[in-house]
Trainee: 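One structure follows; several queries about it will come next.
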Amino acid sequence: MQKVKQLIQYITSYIAQRRGPSRRPAGRRNNQSFFSVFLSSLKSDRLALIGVVLLVFFIFVGVFADSLAPHGPRDRHYHDEGGIKRLESPTWDHPFGTTDVGRDIFSQVILGTRTALIVGFLAAVLVTFVGTVVGIVSGYFGGMVDTVLMRIVDFFYAIPFIPFVIVLAAIMQPSLWNVILAVSMLSWRTVARIVRSQVLSISKRPYIKAAKVAGAGHLRIMFRYILPNVVPLVLLEMAFMVNWTIMAEASIAFLGFGDPRVTSWGQILHMNSVSGYSRVAWWWNVPPGVAIILLLVSIFFVARSLEAVVDPRLRKR
Amino acid sequence: MKKNSAGMHLTDSKRKPFVIGYIFRRLLIMVIMILLVSTMIFLLFRTMPGDPTASMVDPSIPQEARQALLERYGLHESLWTQYKIFMGDLLRFDFGTSYFYNRPVSRVIGDRLPATLILMLTAMLFAYIIGVFGGAWMAWKRGTRLESAGVAFSLVFRSAPTFWVGLMVIMLFAVRLGWFPAQGMRSTGYEGTTFGEIFLSLDFLRHLVLPALTAGLYFLATPTLIMRNSMLEVMSEDYIEMAHAKGLPERRVLYRHAARNALLPVVTAGALFVGAAIGGQVLIEVVFSWPGLGREIVQAVTRSDYPLAQGSFIILSTVVMVMNLIADVLYAFLDPRITY
Amino acid sequence: MKKMVILVVLLTATMVVFGGGRAEQDAADAEMGALVPELTLRSSLPESNLVNYEMAQELSDELAKLGVTLNAQPTDFSVLLDVIYGEEMDYDAYTIGWSGRVERLDPDMFIYSINHSSNANPGGNNTSRYVNPEFDALADAQRSEMDIAARREYVWEAQRILAEDVPRITLYSRSNVQTYNHERFTGLENMSGEGLFNEWSPMVMEAIGERTVPVVASNVNITNLNPFGARSVYDWRNLRLIYDKLVRLSVDVEPTPWAATSWEVVDDTTIDVTLREGMNFHDGRPVTPEDVKFSYEAFMSLPDSYFAAFVQPIDSVELLGNNVIRFNMEYAYAPFITTTLTQIPILPKHIWEGIGDYTQYYNEHPVGSGPFEFVRFRNGEELVATKYEDYFHPVNIDGFVFKIYASPEGVLTDLELGVVDMVSYDLIPAHINQIKDNDGGRYSHLTITEAPDIGFFYIGMNNNRPPFNNKAFRVALSYLVDYDYALDVLLDGYGSRGGAGLVINAANEFWHNPEVPIHNTYNPERARQILAEAGFTWDSQGRMRMPLE
Amino acid sequence: MALLEVKDLEISYTVGTGSLKAVDGVSFSLNRGESLGIVGESGCGKTTIAKGLMQLLPKNGSISGGSIILDGRELVGLGKEAVRRMRLKDIAMISQSAMNALNPVYTIGDQLIEGIQAHTSMSRQEAYRRAVEVFEMVGLEEKRLKSYPHQMSGGMKQRAVIAMALTLSPPLIIADEPTTALDVVVQDRILHRILKIQKEINSSMIFITHDISVVSEICDYIMVMYGGKVMEMSKTDSFFRKPYHPYSLGLQNAFPIITEEMDELISIPGTPPNLLTPPAGCRFAERCPFAELLCEQKTPEYAEPEPGHLMMCHFPERVEEFRDRSSHTASWDLVRERLIKRMEVSQS
């Protein structure tokens, strides 16, 4: 009996030695290290730093859009002598110039920032919520539940995205909610799949088995023990979903299925294209286009850095 | 294993006896999925406001005439009856007749689908060739400025709306430089009628360049970044060290051993990406006046041309599923560990 | 983690600010009239009609200043039609337009069809639900009056009543501004309501350079090659060059004998037409009176065809021999020659008689007797036609290619690149300006043509519902529309001015009544005054209230 | 003359801001046909030596000093191409994890033949025949050449990896824990096969393991490493008869030699030192039950208590006392208490 004990002691100390200093704390402490690792990785990853700075800038602009935008999105501006300032290239008064009917593009782009953030964020929250729940339930229970849920996921994988949004937009009144709804309906599939595979590997870990043996309920195990471990991954997916939604909103608006009364970057581009001045007024389509690129790129850069934090194998950069 | 043209011969020829059975099973699931997608799309269209006659007839037409139209298209029947007819026809591969074209939907789609597929496949091919080699190269160069530049480049194009890039590309390459045609799929009055004449001619290829480039640049980030990550992962594998220890030349290790294995997740990701890609074609088709199915869907939906919109939607779904299947089979060919 | 929390909080806060509405209590000012109800104006989507969309938004802003809530809701065209033609008649206001097709030069459409109370029922064209017995009498009278001068009197008087009652507010008319490459082609005719790609240009235009087959650009797809299935003007622009017609409207919009050499009005309800001899279809078979009879009867048998309204008055078609075809009418129908005879295509009976349901036939290769012979159609790409060598009238070009684009933007690109020789649709103001500006000589090869249009775009109001059932309200509204903004800014001057109750504009010289005073100035003060005079009041919160009964 | 002559070898890694010497002043030599066992805990530098010999160090690692002379040729500073030619042909490696050392997408045969063809001008047929030969040597059937790695058991894969190392009959074979992943029975069979083949083709072998008992069975010499330095080196029989270094004594406790009767297993408490900030004195001092103040201040010199038996300790003469005390659990418990106390001090 004594020998067995010693053997166990040996094995555990041996394993501890083998894992060496690189071992990571399991369980809840993950989250803490997650953000500190992310912050420290900013120092070495210049792209991520650029991303964070840009993102903070956009969030600032989005939150204070009302105060930052000098004019209303539909205000028409007149010359002192009375004529409308039509298609004027950038000036101090109108940093991004004016539209064909004298509207201030700068204000529109600023207000569009808020729309982009709200749409992106809302859809991302919805998507990650549904996807995570389905993923955890499917991965945790397995068996029949898993099979059924995964077939549903397969079903949603077979639906082409933009056509689906168009159909939705046609069924309902054109509005931002269509985009949010459509993205949510079709994109949770990805999150669910990724979370599920993560949960499958987590459920095999000893502390989950220990919790089960200790008599913890399903809900408790899922939320207390499994969820914290998928959070980093889910955050990452959420970042991609934000991008996906913003891009979808712009695309739908460009195709004319958006809500023309909401000022969004896609809508600015759409009005530019509808007006017919897209090749004349570069100041009308370059700012919203560049804004989309910069916001999405910043999120990608940050997400990429998150990814390295989530997946230590990528951290060796 | 015919696919493995790299000069490897020592294989077990009976390695994949179940592939046929597997494909058959997948096809069966696919059929069920198509039926489900069809049901969903059928119901969606019936809940749409505006009946199709509204956009079909001149407003100055009397109400009785509209009623006659509804009856001609069977739209006066109950939902359930309509559904039974729709599904019955579908099982006979009959998508019905387009309200607008007065033509079997299958023929309208048949005219348009090849253009969409060829554009998409070219763009994917472009993105995957550049992405796979570029991603491998970036993994090799990791930590350098070149790598950061590569990452930034691919992500910028993933972040740029394709329609916007398309407009820019047209302005630059077609209008300013005049290198390529800007609109359409072939020159005005181009005579060719057979598949080869249409899709293999120089004229077609010239028209293909700009839209394929635009779409390809958007697709690029997926294969590039996955390949890069996957390469980094694979390069820390023991068998890569082993390959080095065998004294193999570096390039052989990189491409024969590392890249070959790193390719696997790229293939999977590609399959899942097809669904997004084929829908996104619509924007490219609009910007470049490409006569593809995407534009047709947009029109059919706005005009409530149910049969055409349903048919196109179902066909696109099927394409997505077939692509997924192809990717899975391809994956199995690339990875001998997979058995069905 | 902290950062994420802050982000969540901030964004949620933004959403609350963004989405939160103000719920104010109704402090009912008891002795005042009822509140003016909240209104919905269904406008065009910006991409289908930017001007309508803008004007609707502007009207919404103007009414808000007067304490009336009007939601300008952009609505898809087919949905809009469904709403305004639907059984329920459930709508307040909308924007839409009537295109100025050549046959609408005849006043019947714009006087009778869209204003007569008999059409104010569901599905009828009187979507303003305008009812005025005095007006109805005039509209009926002009319809059956075969004497043109007498008929004009009725029409003029009818216009006066409309201008007073203001059943709708006309916003503007858009000019037909189009363009063609004058380095390649010359001699094109620009027709009002039709533009360059009309029935005449392809026959009379001449090639200057080597290219003898013009490329005509369209931004709308052709859907149908079947004359019974064709539903849009875009389909007809091509079909009418392939299929011939008995009468054509000349450039000056005079009925001109064409496939018919002459016609004779025997009495109010009988018209005899003589068919030209020696004509052949493209397949070589002769054109006979039987073909004409067949064609008209075929259209008469279809209540829902594009031309249903035109053949509706016909009772029967008889062959009198000697190439004479007699049309027996159910009632006197003044526009018969200018609309019916100029619209119905002559179809080859030998091809069509075997086909069961005409509307369901795809007609892959149309065979007609018109000046151009069909070659091929590639959906979404192009329709190609070649000159019909055997035609009785000279044609100077060797054919045409009708090339389809996904957007006007694409057409402009190809205009600049010299791919396109002429357009078949009205250029948008932005493109007109760009071509006129001719930056760096890029558009030197293009000539801009302009013709006024007799069609018009308007704000429709449901005259059955408050507050639009109040005439003063409608009149006041007509002072809230900035007609200058529509014409000078949004249309860049390429059009003509609208006005309250205007249906027949000055471009239709013969029928337009120049003596009717039309309100067509923006004057919000006057609007407020009119409303006050009519008994509208404003409560303590500045909301407008209906007059007390 | 010795086949392999390693002198004052130093291998450093750059980690984050600093650099650490994973191998610090290691010297040894090996004659043809002889075998050397290197033992020590994980992170002691034994695998780094193997990688250094193969020049397979990761990107942040480099040979920072000393020399490696194989068959009269200096390997340190050799050009890339020369290094490539040397691998497999002059030094072959049997890698630690046979499970993952084979590329999953190619057949075993292809991977063998590829190696042969990279160094010889053999045709494919000839290379194939050679592959069959080495497969026979390791006891695998010819048809296994057509298998993919996932179709074989762990033992078979390990044998395939061994076969790969043998294909060109290299003068030096490095076996880096070749049997860790296998179960005990298979381990034993494979060890003996390696030994047999090594004798057959008369190549030298460096055998790296953490299992001291294995070395006693198959190696001529043994080298005990700790914290990047050699603690003790001698002929195997001399070492097992009379180990000198306290660390060796601890190791022997942890891996009882089957032939000897032992009551209990005693492990060495604590973990190896962090080489980024190496201790000033003896590297083992912290965990040594016999450490004194001197040990923590001054790095000991090598002593040679018997001819050919090197050790690094300040007190070679107290060996008898150490041997006695080390077999009692109490001595090691003392260390454990010391460590715990220190940890408490540093935390408070």
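Just so we're on the same page: letters track the sequence lines, and every chain starts at 1. The analysis underlying the following values was restricted to heavy atoms, covering all of them including side chains, and did not include hydrogens, waters or symmetry mates.
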Trainee: Any salt bridge linking Arg84(D) with Glu250(B)? Criterion: basic side-chain nitrogen under 4.0 Å from a carboxylate oxygen.
Mentor: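 Salt bridge flag = no for Glu250(B) with Arg84(D).
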Trainee: Tell me, for Lys89(D) versus chain B, whether the close heavy atoms (under 4.5 Å) come from the side chain, the backbone, both or neither.
Mentor: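 Neither the backbone nor the side chain of Lys89(D) comes within 4.5 Å of chain B.
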Trainee: Could you check if a side-chain atom of Asn103(D) sits within less than 4.5 angstrom of a side-chain atom of Arg260(B), using non-hydrogen atoms only?
Mentor: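 Sidechains of Arg260(B) and Asn103(D): no contact.
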Trainee: Is it the case that the side chain of His244(B) and the backbone of Gln55(D) share a donor-acceptor pair, with hydrogens and angles ignored and the cut-off at 3.5 Å?
Mentor: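 A pair under 3.5 Å: no.
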Trainee: Tell me, side chain or backbone of Lys51(D) under 4.5 Å from chain B's heavy atoms, or both, or neither?
Mentor: side chain
Trainee: Is it the side chain or the backbone of Met54(D) that comes within 4.5 Å of chain B heavy atoms, both, or neither?
Mentor: side chain
Trainee: Could you grab the distance from atom CD of Glu237(B) to atom CG of Leu102(D), nearest 0.5 Å is fine?
Mentor: 12.0 Å
Trainee: Looking at Glu141(D), I'd like to know if its CD atom is crowded, meaning that more than 12 non-hydrogen atoms belonging to other residues, nucleotides or ligands lie closer than 6.0 Å.
Mentor: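 Check fails, neighbour count at 12 or below.
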Trainee: Does Phe133(B), at its CZ atom, have more than 12 non-hydrogen atoms belonging to other residues, nucleotides or ligands within less than 6.0 Å?
Mentor: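 No - once you tally the heavy atoms of other residues, nucleotides and ligands closer than 6.0 Å, there are 12 at most.
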Trainee: Compare every heavy atom of Ala118(D) with every heavy atom of Gly247(B), then report the nearest pair and how far apart it is.
Mentor: O-CB, 4.1 Å
Trainee: Could you tell me if the side chain of Met164(D) sits less than 4.5 Å from the side chain of Met242(B), heavy atoms only?
Mentor: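 Heavy-atom side-chain distance check passes, below 4.5 Å.
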Trainee: Looking at Asn261(B) and Pro104(D), what are the two nearest heavy atoms and their distance?
Mentor: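 Looks like OD1-CG, 3.5 Å.
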